[in-house]
Amino acid sequence: MSELTAKVDYLADLNQAQRDAVTCTDGPIMVIAGPGSGKTRVLTYRISYLIEQGVPPWQILALTFTNKAAKEMRERIEKVVGSRAKYIWAGTYHSIFAKILRIEAAKIGYPPNFTIYDTDDTKSLIGDIISELSLDKQVYNAGQIRARISSAKSNLISPKAYLQQEELMNQDKLNRIPYFQTIYERYVNRCQKAGAMDFDDLLYQMYIMLYRNPENVKEKYQSQFRYILVDEFQDTNYLQYAIVKQLIEYPGSNKNICIVGDDAQSIYAFRGATIRNIFDFESDYPQHRKFKLEQNYRSTEHIVSAANQVIQNNRNQIEKTLWTDESGGNKIRIIKAVSDQEEGKRVADSIVEWKNRAGLANHQFAILYRTNAQSRIVEEQLRRNNIPYKVFGGLSFYQRKEIKDFIAYLRLATNPRDEEALKRVINYPRRGIGESTIQKALEYANEHQITLWEALHHPELLGRSASAVKHFLAVIQSCMEQASTQNAYAAALYIGKASGLLDALKADRTQDGISRLDNVNALLDGIQEYLENDEAVENETGERDLSAYLQTISLLTDQDEEIKNHDFVTLMSVHAAKGLEFHTVFIVGMEENLFPSYMSMADPDQLEEERRLFYVAITRAKRQLILTYATMRYQYGKPRFNDPSRFLEEIDQRHIDTAVTLRNAGPFADGPRILSTIPKLGAKKENKVEVDPAQFKVSPSEEIEVGMEVLHIKFGPGKVLHIDGARDNRVATIEFHNIDDPQRRIMLKFSKLQIIKR
DNA sequence: AACAATATCTTTTTT
DNA sequence: AGATATTGTT
């Protein structure tokens, strides 16, 4: 097939608006793309088109929100233009800028292998600074201080500039945190000294570098990136847009920038994203051309209309209406449950039902929730029904303690100035280096303006633990040598052994200990895979060493996870679901104070963001949408009663399957409650067993012993596995033969059991 | 210094 | 409920 026919082919694939957005290559362009309107298709075809028009791929910069989005885009472009696609610069803001900053590190006084501090590192460092300043840490909450520093950086306010902003300084006084600026300044210093950047620095330092423009580095990148595309523009913050502007604005520039976004899907205002960027773009580039993609190819009419109705309740929005020509389809179902547990059960039952009746596969279902904490209960119920599932988000692999410990060693071996990594592992595994020693060394380091690592080399201040410290330093020293001479895997393996970390894990034979060791081994496997992956990032000299490996993982997202086995039900937060689609979507926890979140209820703007979030959730569904809520749910370990979400009322009844809703006792009606609207198929074990009360004779609880066969009035026959506690507090673990989750713990004092066989 | 017991906080969402 | 921080005990 000639290049020409290929081109004709894919352009024919597009509707008019999409085609215009693809072929209008020069000058500033804005594409407003509703959910399911073929946005990704436009982006990939546009880049393919540019390359076919003769633009060298390395002159194209495509900024996306996740690495996965970038990777998928690249793969789809590759199908059109072949291997040239490898050379386009596509990635997240953070990863692209990290890459550039490493190349240019020398120009801004950072080592090329600088460490990237994650949120935990940042918080722990701020916590240290707060106690060094002897401030009350109830008042100076490390998490809140972190957020405030982050927002200062995102608005390009340096510690020095902050000092001059009277309004901010006054705010701090009013909020009783007058020393905020001092903390901020110290924090920036310490990061610099540790050779570390936090997430915001990757943007902030990039901006500052372009602004100060050492050795004309700005012109270098301006002339390289002739075509810039920004995906999810509604979720960019002030700083991100400011950087893009620096890259695009210079005398004689064509301003070939294409932004793609949807104000209705802006869901990251809480971390500084602002839809004002969209309006600013319009006034910054008055000559821009605007295309609206309003035809939805994803969902049926009921779903699209419901989404439109919901979003109409927001005042701030760009006028547009999503439409579809997929008429009809299933109506939306609303399920009411008495408790969070029952809610999960109903979801699981529905999935079983539809798998049997409609032949759907696991991967066609998604269960979405507002907060990650909600996954636990749903998981329980899915497990009970043997439905395979996968939870995305929450505690990711890289946030597990054992993984962070290991990675801290790896970080230390490539950058011993990394204070957070050093503190994390200096006494893990235990080597008798305690709190007081670290404290002394930290004080010394701050006093003499040196790093913690250097301070530890002064044996006179160490006292009792001097020899332990000396040994530790020697171990790290040898790790550093390995890291600079060996490949990533060999170095990591050496470090795991030399540090004693692997031995410590192996020694722990508990169930948790074994799984921790498995995780660390999985990490080692991951490093091996990294060596074999030909698309992997390499360091400046083209090697796959530890420092290059650490670069690749520090900016991974949960959503970047490779999916191998495909057939499972997806569980994730609504935020994480952005950009995805599923045949059937459950949105659980549709309750006031949860969705919308109680944190947003007081502020109309935040409430609108919650509504946009709901809009995103609805539009993930292709064919079927089920909304569920519970009258009672456990929050903070306490039962809470919430009303059904106000968002439910915003959907017109004609899109709602009232047959289900009525049988369900309805979201707003009172009436007899029917626990299951969906009849159970086949013989399914219930958690109740028929026992004839007339035949039942209670045995005295003190006679019950391990190994006996007993009968329970509700759970039926079972075997006593073991008994803890004594006398009145005896608790038996009994395996019942005829119920769903057979192992139960029963307080013998209260239970009624009949001994069948002693 | 190490470990166990107790108190406190968290949950909004994430690069 | 569960994780983490703090305090107390050996």
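What you see is a predicted model; the values in this text were computed from it and never measured. Throughout, protein chains are lettered first and strands after them, A, B, ... in sequence-line order, and every chain is numbered starting at 1.
By the 4.0 Å N-to-carboxylate-O rule, E232(A) lies close enough to K39(A) to be salt-bridged with it.
In this entry the distance linking CG of D120(A) with P of dT14(B) reads 14 Å, nearest Å. Across the protein-nucleic acid pair, L613(A) atom CG and dT14(B) atom C1' stand 13 Å apart, rounded to whole Å. For the pair F65(A) CZ and dT13(B) C1', the computed distance is 12 Å after rounding to whole Å. Atom-to-atom, CG of N372(A) to C1' of dT10(B) comes out at 14 Å; the value is rounded to the nearest Å. Rounded to whole angstrom, the span from the CG atom of N642(A) across to the P atom of dT12(B) amounts to 14 Å. When rounded to the nearest whole Å, the span between CG of L594(A) and C1' of dT11(B) equals 10 Å. One atom, OH of Y428(A), and another, P of dC3(B), lie 12 Å apart when rounded to the nearest Å. When the P atom of dT14(B) is taken as reference, atom CZ of R271(A) falls 8 Å away, rounded to whole Å.
Contacts between chain A and DNA chain C, taken as any atom within less than 4.0 angstrom of a protein heavy atom, begin and end at dA1(C) to dT6(C).
The C1' atoms of dT6(C) and dT11(B) are separated by 22 Å, rounded to the nearest whole Å.
R612(A) places a side-chain heavy atom less than 4.5 Å from the side chain of I311(A). You'll find the side chain of S158(A) reaches within 4.5 Å of the side chain of Y204(A), heavy atoms only.
Residue N141(A) has its side chain nearest to dT10(B) when only dT13(B), dT11(B), dT10(B) are considered. In the set dT10(B), dT14(B), dT12(B), the nucleotide with an atom closest to the side chain of Q606(A) is dT12(B). For S600(A), whose side chain is taken as the heavy atoms from C-beta onward, the closest listed nucleotide among dT12(B), dA2(B), dT11(B) is dT12(B).
Atom OH of Y634(A) has 12 or fewer heavy atoms from other residues, nucleotides or ligands within 6.0 Å. Counting non-hydrogen atoms of neighbouring residues, nucleotides and ligands closer than 6.0 angstrom, the OH atom of Y221(A) exceeds 12 such neighbours.
Residue E610(A) is in base contact, counting any heavy-atom pair closer than 4.0 Å across all strands shown. Using a 4.0 Å heavy-atom cutoff across all strands shown, N427(A) reaches sugar-phosphate atoms only and no base atom. Among the protein residues, S95(A) comes within range of no part of the nucleic acid, since none of its heavy atoms lies under 4.0 Å from any strand. Counting non-hydrogen atoms under 4.0 angstrom, Y93(A) reaches nothing in the nucleic acid.
Taking the six-membered ring where the residue is Trp, the centroids of F595(A) and Y369(A) are separated by 6.0 Å or more.
Take the nearest nucleotide of DNA chain B for Q144(A) and for I433(A): the residue whose nucleotide is more 5' is I433(A). Two residues, R430(A) and Y636(A), neighbour DNA chain B, and the one matched to the more 5' nucleotide by heavy-atom proximity is R430(A).
Listed pair S573(A) / dT11(B) fails the phosphate criterion, with no side-chain N or O lying under 4.0 Å from OP1 or OP2.
Between the base of dT13(B) and the side chain of R370(A) there is a donor-acceptor pair shorter than 3.5 Å.
For F270(A) and dT13(B), the ring-to-base geometry satisfies the stacking test (centroid distance below 5.5 Å, interplanar angle below 30°).
Inspection of the Y615(A) and N314(A) side chains reveals no N or O donor paired with an N or O acceptor under 3.5 Å.
Closest heavy-atom contact between N313(A) and E608(A): O-OE2, 4.4 Å.
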